[in-house]
Amino acid sequence: MKYPFLFPKISAIFIERVNRFVVKIKIKDGLSRSTYEFAYLPNPGRLWELLLEGTELLVFPNPKNSKLPYTVLACKKRENYVLLHTHLTNHIVSTLIEKEMIPIYKGFQVEKKETMSAKGRFDLLLKNLYSQEKILLEIKTCTLFGEKMAMFPDAETKRGQRHLVELLELSKKGYQAEMLFVIMNPEVKYFLPAYHIDFNFSFWFLRVKEEINLRAIALTWDPTFTEVTRINLVDIPFALLEQELKDQGAYLLVFKIAQPVNLLISQKTFSIKPGFYIYVGSAMQGLAARIKRHLRKNKKLHWHIDYLLTYAHSIVPIPIRSSEKIECALASDVGKLSEGFVPGFGATDCKCSSHLFYFSCSPFQNPDFHELIIKYRIDRLCSYLR
């Protein structure tokens with residue numbers, strides 16, 4: 001399937017994200033110049049592990065927009081391009097269905113796009129050419145993945161949860177309703193909802209699996225990012241989701257300390273220098289409540305981290321739900337990335353040297369930190385599927 005890219009694709013380098021929909025870039029042909037350009041990013045996702053400084057992008061010109069002269073099409077991840085322009089996914093899927101390249105929709109044609117129902121708008125209405133069967137299809141673009149598994153979403157999605165609920169209600173009224181996850185990595189073999197990130201979406205995903213069809217496909221593009229050359233059906237291991245979808249596990253707190261801090265806690269002094277820190281904790285019951293407590297300003301100070309967070313700025317929680325205790329292994333791996341640690345901090349009930357680690361600059365700028373998150377959130381799950 002050749003997608004009709006009617007615009008020239010230009011290589012660029014990602015510099016930084018200005019806001020959800022604007023990024024700063026540098027055109028590769030102009031690397032000798034010191035000027036930057038701004039581009040429209042048609043993707044509201046977090047894209048933490050994709051949009052790192054220096055990442056290669058494909059963009060195309062916006063001749064009628066002087067403030068945002070380019071639009072981001074895709075980014076490079078390892079050897080493959082990942083489509084970031086989510087508005088194009090529906091058109092790509094429509095074309096693939098019309099060409100009968102998606103086996104699960106062979107014999108179907110697109111009867112209507114952006115079809116309306118009493119409960120809202122859905123991406124496609126499909127009709128079988130032979131049986132006249134119709135399918136209401138909602139499409140989601142999946143850009144979060146590890147070595148063999150992909151997840152959606154990469155940020156909380158109330159809209160996605162609403163779509164699941166609405167499709168469920170329509171199925172009870174006799175409609176055939178489906179949600180299709182389009183994964184932008186040809187190496188992926190498995191798909192799950194991102195229960196670490198959006199517990200409610202994942203709950204509804206599991207709740208509706210008997211009433212609506214939940215499917216996932218992985219696309220392979222040619223090197224010029226013009227043609228889809230292969231489509232793989234991706235397995236959804238529902239049993240694994242049932243096992244792991246619990247409000248328990250480990251978490252990271254990433255934050256900044258602006259000034260030197262000396263904490264006296266239980267007759268022990270902790271000296272904290274300015275910089276960025278990662279704290280590793282766990283809650284094998286009530287993980288969400290534990291994280292919410294950490295983020296509250298008014299609370300009784302109990303754990304070491306409670307005292308330090310009163311001085312912290314820009315706190316970012318990263319939950320990692322798990323049926324197994326992974327806190328100490330996670331702390332060990334974070335320590336290997338860090339530039340130092342605060343001895344004994346947060347480690348009174350284990351043999352670890354510390355659960356608080358120092359970084360001179362933001363860990364979010366470090367690709368290895370994002371790989372660590374993917375390792376614990378995604379890749380380790382594949383060991384359950386062997």
Can any side-chain N or O of Asp154 pair as donor or acceptor with the backbone N or O of Leu47 at less than 3.5 Å? yes
Are His91 and Ser94 close enough that some pair of their side-chain heavy atoms sits under 4.5 Å apart? no
Is it the case that Glu133 and Gln176 place a side-chain donor and acceptor less than 3.5 Å from each other? yes
Treating Ile, Leu, Val, Met, Phe, Trp and Tyr as nodes and any side-chain heavy-atom pair under 4.5 angstrom as an edge, say whether Val59 and Leu52 lie in one connected cluster. no
Any sub-3.5 Å donor-acceptor pair from Thr89's side-chain atoms to Thr141's backbone N or O? no
Could you give me the CA-CA distance, side-chain angles and deciding distance for Met179 and Leu167, then say whether side chain to side chain contact (heavy atoms under 4.5 Å, CB included) is met? CA-CA 8 Å; Met179 185 172 282; Leu167 287 171; 4.0 Å; yes
Counting distance only, does the side-chain N/O of Glu339 pair as donor-acceptor with the main-chain N or O of Ser360 below 3.5 Å? yes
With side chains defined as the heavy atoms from C-beta onward, is the minimum distance between Leu84 and Met184 less than 4.5 Å? no
Between Trp204 and Arg207, is there a cation-pi geometry (under 6.0 Å to ring centre, at most 45° from the normal)? no
Distance-minimising heavy-atom pair for Ala150 and Cys142: CB-SG, 3.7 Å
Please tell me whether Tyr105 and Glu98 have a donor and an acceptor in their side chains that are separated by less than 3.5 angstrom. no
Any side-chain heavy atom of Asp123 sitting closer than 4.5 Å to one from Lys113? no
Would you say Ser171 and Glu211 are linked by a side-chain donor-acceptor pair, where the criterion is simply a distance under 3.5 Å? no
Pick out which of Tyr195, Phe201, Phe205 makes a ring-ring contact (aromatic ring centres under 6.0 Å, His included) with Phe152. Phe201
Here the gap from Phe191 atom CZ to Leu214 atom CG, rounded to the nearest 0.5 Å, amounts to 8.5 Å
Within the side chain of Lys209, is there an N or O that forms a donor-acceptor pair under 3.5 Å with the backbone of Leu206? no
Validation row: Leu263, Val261 side chains within 4.5 angstrom (heavy atoms): yes
Evaluate side chain to side chain contact (heavy atoms under 4.5 Å, CB included) for Ser11 paired with Leu57, printing each intermediate quantity in order. CA-CA 6 Å; Ser11 293; Leu57 302 176; over 6 Å; no
Taking the basic N atoms (NZ, or NE/NH1/NH2) and the acidic carboxylate oxygens, is any pair closer than 4.0 Å for Lys106 and Glu100? no
Let me see the working for Ile10 and Ile27 under side chain to side chain contact (heavy atoms under 4.5 Å, CB included), right down to the final yes or no. CA-CA 8 Å; Ile10 301 169; Ile27 302 301; 3.9 Å; yes
Can you confirm whether Leu219 sits close enough to Pro186 that some side-chain heavy atom of one is under 4.5 Å from a side-chain heavy atom of the other? no
Just by distance, with hydrogens left out, do His294 and Tyr251 show a side-chain donor and acceptor under 3.5 Å apart? yes
Heavy-atom distance under 4.5 Å between the side chains of Arg321 and His196, does that happen here? yes
To the nearest 0.5 Å, how far apart are NZ in Lys268 and NE2 in His304? 8.0 Å
Should the pair Lys300-Asp306 be classified as a salt bridge under the 4.0 Å nitrogen-to-oxygen rule? no
Using the ring of Trp221 (Phe, Tyr or Trp, six-membered ring only), decide whether Arg230 places NZ or CZ under 6.0 Å from its centre and within 45 degrees of its axis. no
Side chains of Phe14 and Arg17: does their closest heavy-atom pair fall under 4.5 Å? yes
Heavy-atom closest contact (Phe145 atom, Ile374 atom, distance): O-CD1, 3.8 Å
Between Asp379 and Gly146 the two heavy atoms that sit nearest each other are OD1-CA, 3.3 Å
Verify the cluster assignment for Leu125 and Phe122: are they in a single hydrophobic cluster under the rule of side-chain heavy atoms below 4.5 Å apart? yes
Using a strict 4.0 Å threshold on nitrogen-to-oxygen distance, state whether Glu166 and Arg162 make a salt bridge. yes
Answer with yes or no whether the side chains of Tyr81 and Glu56 bring together a donor and an acceptor at under 3.5 Å. yes
Ile139 backbone acceptor or donor facing Asn90 side chain under 3.5 Å: no
Does one side chain, of Asn43 or Thr86, offer a donor that lies under 3.5 Å from an acceptor on the other? no
Expected output: side-chain Arg296 to main-chain Ile291 donor-acceptor under 3.5 Å: no
Is there a donor-acceptor contact under 3.5 Å linking the side chains of Thr229 and Asp222? no
Hey, what do you get for CG (Leu180) to CD1 (Ile183), rounding to the nearest 0.5 Å? 9.0 Å
Closest approach of Val182 to Val93 (non-hydrogen atoms, all atoms of both residues): CG2-CG2, 3.7 Å
With clusters defined by side-chain heavy atoms of hydrophobic residues (ILVMFWY) lying less than 4.5 Å apart, directly or transitively, does Leu301 cluster with Leu253? yes
Student check: side-chain heavy atoms of Val72 and His85 closer than 4.5 Å: no
In the single-linkage hydrophobic clustering (I, L, V, M, F, W, Y; side-chain heavy atoms under 4.5 Å), do Tyr358 and Ile318 co-cluster? no
Between Asn262 and Ser271, the two heavy atoms sitting closest are OD1-OG, 3.0 Å
Side chain to side chain contact (heavy atoms under 4.5 Å, CB included) evaluation trace for Tyr277 with Phe359: CA-CA 6 Å; Tyr277 288 86; Phe359 297 78; over 6 Å; no
Rounded to the nearest 0.5 Å, what's the gap from CG on Leu136 to NZ on Lys112? Could you check? 10.5 Å
Within 45 degrees of the axis of the six-membered ring of Tyr36 and under 6.0 Å from its centre: does Lys24 put its NZ or CZ there? yes
So, the side chain of Asn62 versus the backbone of Tyr70: is there a donor-acceptor pair under 3.5 Å, distance only? yes
Indicate the atoms forming the closest heavy-atom contact of Ala347 with Ser354, along with that distance. CB-CA, 4.1 Å
What's the separation between atom CD1 in Ile197 and atom CD1 in Ile373, rounded to the nearest 0.5 Å? 9.0 Å
Pair Arg78 + Glu49: basic N to acidic O under 4.0 Å: no
If you measure from the Lys or Arg side-chain nitrogens to the Asp or Glu carboxylate oxygens, is any gap between Glu156 and Lys158 under 4.0 Å? no
Can you check whether Phe369 and Phe364 have ring centres sitting under 6.0 Å from each other? yes
To the nearest 0.5 Å, tell me how far Met284 CE sits from Glu327 CD. 9.5 Å
Examine Val334 and Ile257 and state if one hydrophobic cluster contains both, with Ile, Leu, Val, Met, Phe, Trp and Tyr joined whenever side-chain heavy atoms are less than 4.5 Å apart. no
Is the His355 to Phe345 ring centre distance short of 6.0 Å? no
Do side-chain atoms of Glu244 reach the backbone of Ser323 as a donor and acceptor pair under 3.5 angstrom? yes
Does a side-chain N-to-carboxylate-O contact under 4.0 Å join Glu111 and Lys134? yes
Quick one: does any side-chain atom of Arg380 pair with a main-chain N or O of Tyr376 as donor and acceptor, under 3.5 Å? yes
If you measure from the Lys or Arg side-chain nitrogens to the Asp or Glu carboxylate oxygens, is any gap between Glu37 and Lys26 under 4.0 Å? no
Between Ser202 (side chain) and Asp198 (backbone), is there a donor-acceptor pair under 3.5 Å? yes
